[in-house]
Engineer: 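Here it is, the structure, as C-alpha cells.
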Amino acid sequence: MSTNYLQDLNQEQRRAVAHTDGPLLVVAGAGSGKTRIITYKITHLIKQKLCQPDQILAVTFTNKAAEEMRKRVEQLLFPLPSIPLISTFHSFGVRVLRRHARLLGYQPDFVICDTEDQTRILKKVYELLGFESGDLPIREARSVIGKLKNRSWDSEPEPQDDSEISPFYPIYERYQRLLKESNAMDFDDLIQQTVRLFQEHQDVQESYSRRYRYLLIDEYQDTNPPQYQLVRNLASTHQNITAVGDEDQAIYRFRGADIRNILRFESDFPGAAVVKLEQNYRSCQNILDAATAIVSNNLERKPKTLWTENPCGDPIDVYAAGSAHDEAFFVARQTEQCLKDGESGIGILYRANFQSRHFEEIFGRFGIKYRLVGGVGFYHRKEVRDALAYLRAVYNPHDNLALLRIINAPPRGIGKVTLDRLYAMSEDSQTSLWDTLVSGIEAGAFPGRSQRALQTFLGLIETCRGFRDLPLHLFLEQILESSGYIEALMKENTEEASNRRLNLQELVNVARENVDRGQNLQSFLDSTALHSETDDYDQTASVTLMTLHNAKGLEFPIVFLVGCEQGLFPHSRSLSEDGLEEERRLCYVGVTRSKKKLFLTYCQRRRFFGSDSEEVGQPSCFLGEIPSHLTRVSGSEVENTSPSYDYSSESSDPPFFEEDSSGSQSPDSWGEGSSTEAFDGRFIRGARIEHPKYGRGRVLQVQPAGDDIKVTVKFPGLGIKKMLQSYARLRLV
DNA sequence: ACACTGTGAGTTTTT
DNA sequence: CTCACAGTGT
C-alpha cells in the first residue's frame with residue numbers, strides 16, 4: 001500500500017497534500033474538503049516516512065474537530081507506533097503550561113477558570129476597588145479584559161494609548177493579580193501565557209518547535225494575535241506550516257480573531273505556496289449560488305469562485321412567520337414531514353441561544369426527538385460545578401476559588417460575615433484561605449458559632465483527604481456523601497433536587513470512564529474545564545438545534561436557518577462599525593451547512609424579553625441579497641391586534657409578500673442595498689441608543705410616520721418614550 | 001445565617 | 001421569561 005490514498009483527492013487537494021516542505025496556505029471554500037486536507041496530509045507525512053507520527057502537531061479550535069480528525073487519521077493509518085498530537089489551541093496551551101508553569105511563577109496544578117469564575121473574581125475586584133457595576137457592567141469588564149489579552153502578542157498590555165479602556169485598567173490589573181494569587185488562569189491566559197513562556201524562554205520555544213517538525217492549523221482565519229504568535233513560534237525552526245482556512249468563514253472577531261492573519265499569510269511566511277480549493281462537494285447548486293451571492297457583498301475578502309457538480313436542488317424556502325411561535329410551528333411541521341420521508345440529519349440553526357426555547361417547546365408537543373447543543377450545559381450546572389470544586393478543594397485546599405465555592409454548600413453556618421473576616425485575615429497574613437482558616441481556628445479568632453462551623457468544615461475536608469487514594473469516581477462519591485451534599489438534596493424533596501442528584505450520578509459515571517481510560521484527577525478536571533457542548537454532539541441524532549457558531553464545520557442534508565430578522569440576525573449589536581460583514585459571513589456559514597434543502601424563516605413579530613406585546617420586525621437584509629429566482633416565498637398572515645402596527649395602508653396582507661407583476665418577490669426593504677441604507681447602523685429594534693436628555697435606552701419599536709420614522713425607546717428608570725427620528729438627536733452606542 | 005419575597009435588569013456569538 | 005440581587009422576616 002503506497003500512495004492509494006491520493007486517489008481520493010482532486011488535483012488541487014493532491015497538490016496541497018503533496019506539498020510537504022515549507023509554508024503552505026490552503027484557501028478552502030466551504031465544503032471543499034478542508035478536514036480531508038489535514039487528515040490526508042498527516043497520513044501522507046507518515047506514509048512517506050518524512051517524520052515520526054509524534055512529530056506532527058495539528059491544531060484546531062474545538063475539541064470536536066480534534067476528535068473528528070483523530071478518528072479519521074486512525075482509520076487512514078492502521079496501527080501506529082506513536083500518534084500525532086491533534087489538539088485544540090487551549091488544550092495544547094494547558095499541556096505546555098502544566099510542564100513549565102514554574103518558569104512563569106505558577107504552580108503546575110494551576111486551575112483553569114471559565115466565565116463564571118471570572119465573574120466571581122471580578123465581583124471581588126469591584127468590592128476591593130470600590131467599583132460599582134453601574135460604572136461598568138461585569139459582563140463588559142470581562143470583555144475589556146478579553147480585549148486587552150487578545151489584541152496583542154505580548155503579555156503586558158499598553159492601556160494608555162486607548163482612552164476607551166484605560167479608565168478600567170485598574171480592574172484588569174487587580175483581576176490578573178487575584179488570578180495569579182489563586183494560581184489560576186482564564187481561557188485567554190492559556191494561550192497568552194504559553195506565548196509568554198516561549199518569548200521569555202527561547203530554549204523552551206525551540207525545543208517545542210524542533211519536537212513538532214510539521215504543523216497543521218485548522219480554521220486559520222479564526223486565529224487571534226496570541227494564537228497567531230504561538231503558531232509562528234512553533235514554526236520558527238522549520239517553517240513547515242500548513243494553514244487551512246477560509247476568510248469567508250471568519251466568525252470569531254469578538255474573540256479577537258484577526259482576519260488579516262490569513263490575508264497576509266504569504267508575506268508572513270516568505271516563499272509560501274498557496275492552494276485554492278474551489279470545488280464544493282457538499283451543497284446543491286441553488287444553495288451554493290445563494291451563499292455566494294450573500295458573501296460577495298463583503299469587501300474584506302479575496303474573490304473566489306466556488307463551483308459544484310451537484311444537482312441544482314430544490315428552491316430555497318423562505319417563510320415569513322407571524323410570530324416566534326408560528327415560526328417554531330412551521331419548522332416542526334416541516335421537520336415532521338422530512339422525518340416521515342425518511343430524512344435524517346436536520347439542523348435548526350439560530351443566531352442566539354435563547355431562540356431555542358420555542359423550538360424545544362413545540363418539538364416536545366409534536367413528539368419530535370431533538371438534540372440541543374449549547375445553552376446551559378452539563379458542566380455549567382450548579383451541582384456539577386460544586387462537585388468539581390469539592391474535588392479541587394479536597395485535592396488542594398489552597399485552591400481559594402474552589403474553597404470559597406464549597407465552604408458553605410450545602411449551608412453549614414458559614415455566612416458572609418464570617419467569610420469577609422476570613423478573607424481580610426488572609427489578606428493581612430498573605431496566606432491562602434485554608435491556612436488562614438486553620439491558624440484562625442487554633443487561635444480561636446472567630447465568635448463561638450462561626451468557630452464551631454469552621455471547625456466542622458475543617459474536619460470535613462480532612463476526612464475527605466483521607467479518600468484521596470481511592471479511584472476517582474469512588475473518591476467523588478465519598479466526598480458527596482461525607483459533605484452532606486447528597487443528604488441536603490434528599491431533604492429538599494423536589495423534582496429539581498432529584499434531577500440534581502441524577503446529574504451528580506452522571507458526573508460519577510464520567511469520572512469512572514476517565515479512570516477506565518487511565519486518566520488522573522488533573523486531566524479529568526482539565527477536560528471538564530475545556531469541554532464544550534459541541535463535543536458530545538451525536539451525528540446520529542436526526543434533529544439538532546444549535547447556534548450558527550456551533551454549526552461551523554458540520555453539515556446537514558436539511559437546514560432551517562431561523563430568526564432571519566433585522567436586529568436579531570444581523571444582530572443589533574453588530575451593526576455599527578464593520579460588524580455587519582462578520583454577520584454576513586455567519587450567514588454564509590449557516591447557508592453552506594446545508595446539503596440538499598434549505599429553509600430560511602423569520603418572524604414578522606417577535607416578543608422581546610417576554611414583554612406583553614409583540615413588536616414588528618423587518619426581514620434580515622441578508623434575505624434580500626439572495627437572487628429571487630433561487631427562492632420560494634411563503635408566509636403566514638399577521639392579524640392586526642394593535643392599530644399602531646397597521647401596515648395595511650401600504651401593502652396588502654401578508655404585508656411583506658405582496659405578489660406583484662414586476663417579477664420581484666421581495667418587499668421593497670429588501671432590494672439591493674436599500675435595506676442597508678434605511679436600517680444599517682440606524683435605530684432598529686433592539687439597538688442601544690443614547691438620547692441627549694434621557695441618556696441610554698433601548699429601541700423597542702420602529703415604524704414609518706410619513707416621511708419620518710417614529711422610534712419607541714425604553715429608558716431604564718424613565719419608562720417608554722416615543723419620538724421622531726428627525727427631532728430626537730439619537731446616537732447609537 | 002438563611003429562607004423567603006419582590007424588584008429590576010438583561011439576552012450575541014465561545015474556548 | 002428568567003436570572004441575580006436587595007431587603008424582609010424568622
Side-chain angles (χ1 to χ4, degrees), chain A residues 59-66 87-94 112-116 118-120 123 133-134 137-140 142-143 146 149-150 185-192 219 222-224 226-227 250-257 324 349-358 361 373-377 379-380 382 408 410-419 447 449-450 453 492 526-527 529-535 546-552 563 567-575 579 582-583 585-586 589-590 606-612 686 688 698 714 716-717:
Chain A
V59 184
T60 65
F61 277 82
T62 64
N63 295 308
K64 172 74 194 161
S87 158
T88 64
F89 270 106
H90 290 86
S91 53
F92 179 75
V94 171
I112 302 166
C113 50
D114 65 7
T115 354
E116 197 191 313
Q118 280 185 297
T119 304
R120 293 167 86 99
K123 277 184 186 153
S133 60
I138 300 251
R139 268 193 14 255
E140 294 189 22
R142 271 205 324 255
S143 117
K149 290 192 177 189
N150 282 327
M185 297 197 201
D186 63 21
F187 285 132
D188 296 330
D189 284 335
L190 296 178
I191 313 295
Q192 218 203 9
E219 310 276 15
D222 285 328
T223 50
N224 63 26
Q227 287 164 336
I251 56 175
Y252 284 103
R253 205 178 59 140
F254 68 90
R255 198 163 68 183
L349 312 182
Y350 38 81
R351 176 70 235 262
N353 277 308
F354 76 91
Q355 292 173 260
S356 69
R357 268 197 49 232
H358 295 282
E361 189 192 319
V373 178
V376 200
Y379 290 103
H380 289 290
K382 182 179 178 302
N408 204 32
R412 48 173 74 89
I414 305 173
K416 184 159 171 26
V417 180
T418 312
L419 276 181
R449 230 178 12 187
S450 311
E492 263 189 59
D526 282 352
S527 65
L530 297 177
H531 179 99
S532 78
E533 300 307 315
T534 339
D535 299 349
M546 69 174 104
T547 62
L548 288 161
H549 283 86
N550 272 322
K552 188 154 81 147
L568 186 59
F569 187 36
H571 195 273
S572 60
R573 295 187 68 156
S574 57
L575 281 179
E582 174 132 325
E583 295 285 301
R585 290 191 290 268
L586 197 51
V589 168
R606 183 184 289 275
R607 243 179 258 276
F608 243 134
F609 303 131
S611 66
D612 36 353
R688 285 159 198 276
R698 184 197 284 281
K714 181 182 172 192

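Labels below follow one simple rule: chain letters A, B, ... track the order of the sequence lines, proteins then strands, and each chain is numbered from 1. These figures come from a predicted structure and were not determined experimentally.
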Engineer: Please confirm whether the shortest side-chain N or O distance from A/N550 to OP1 or OP2 of B/dT14 is below 4.0 Å.
Structural biologist: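 It does, given that an N or O in the side chain of A/N550 lies less than 4.0 Å from OP1 or OP2 of B/dT14.
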
Engineer: Rounded to whole Å, how long is the line connecting atom CZ of A/R255 with atom P of B/dT14?
Structural biologist: 9 Å

Engineer: With sequence neighbours left out, what residues match A/D188 under salt bridge (Lys or Arg N to Asp or Glu O under 4.0 Å)?
Structural biologist: none

Engineer: Want to settle it: does A/Y252 or A/R139 sit nearer the 5' end of DNA chain B, counting the closest nucleotide to each?
Structural biologist: A/R139

Engineer: So, using ring pair (Phe, Tyr, Trp, His ring centres under 6.0 Å) as the criterion, who are the partners of A/H571 when residues are at least two apart?
Structural biologist: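 If we apply the ring pair (Phe, Tyr, Trp, His ring centres under 6.0 Å) test to A/H571, skipping adjacent residues, there are no hits.
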
Engineer: Are the ring of A/H90 and the base ring of B/dT15 both nearer than 5.5 Å at their centres and tilted by less than 30°?
Structural biologist: no

Engineer: For A/H90, check side-chain contact (heavy atoms from CB on, under 4.5 Å) against everything at least two apart and list the hits.
Structural biologist: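 A/H90 satisfies side-chain contact (heavy atoms from CB on, under 4.5 Å) with A/T88, A/F187, A/L190, A/I191, A/Q227, A/L530 once adjacent residues are dropped.
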
Engineer: Check every strand shown and say whether A/F61 touches a base, only sugar-phosphate, or nothing at a heavy-atom separation below 4.0 Å.
Structural biologist: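 Here A/F61 touches the backbone only, sparing every base.
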
Engineer: Return the minimal non-hydrogen interatomic distance between A/V373 and A/M546, and the atom names on each side.
Structural biologist: CB-CB, 3.8 Å

Engineer: For A/S450, give me all partners under side-chain contact (heavy atoms from CB on, under 4.5 Å), at least two apart in sequence or on another chain.
Structural biologist: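 Per chain and number, A/S450 pairs via side-chain contact (heavy atoms from CB on, under 4.5 Å) with A/T418, A/F446, A/P447.
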
Engineer: Atom CD of A/E140 and atom C1' of B/dT11: how far apart are they, to the nearest Å?
Structural biologist: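 The distance from CD of A/E140 to C1' of B/dT11 comes to 13 Å, rounded to the nearest Å.
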
Engineer: Applying salt bridge (Lys or Arg N to Asp or Glu O under 4.0 Å), can you list everything that pairs with A/E582, at least two apart in sequence or on another chain?
Structural biologist: A/R585

Engineer: Taking only residues two or more places apart in sequence, or in another chain, which ones meet A/K123 in a salt bridge (Lys or Arg N to Asp or Glu O under 4.0 Å)?
Structural biologist: none

Engineer: Which pairs, protein N/O on one side and nucleotides 1-4 of chain B N/O on the other, fall under 3.5 Å?
Structural biologist:
from  : atom 1 : to     : atom 2 : distance (Å)
B/dA1 : OP1    : A/G415 : N      : 3.0
B/dA1 : OP1    : A/T418 : OG1    : 2.9
B/dC2 : OP1    : A/G413 : N      : 2.9
B/dC2 : OP2    : A/N408 : ND2    : 3.0

Engineer: Distances under 3.5 Å only, N/O to N/O: pair up the protein atoms with those of nucleotides 1-3 of chain C.
Structural biologist:
from  : atom 1 : to     : atom 2 : distance (Å)
C/dC1 : N3     : A/F609 : O      : 3.4
C/dC1 : N4     : A/F609 : O      : 3.3

Engineer: Which residues satisfy the salt bridge (Lys or Arg N to Asp or Glu O under 4.0 Å) test with A/R120, sequence neighbours excluded?
Structural biologist: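 Checked A/R120 against salt bridge (Lys or Arg N to Asp or Glu O under 4.0 Å); matches are A/E116.
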
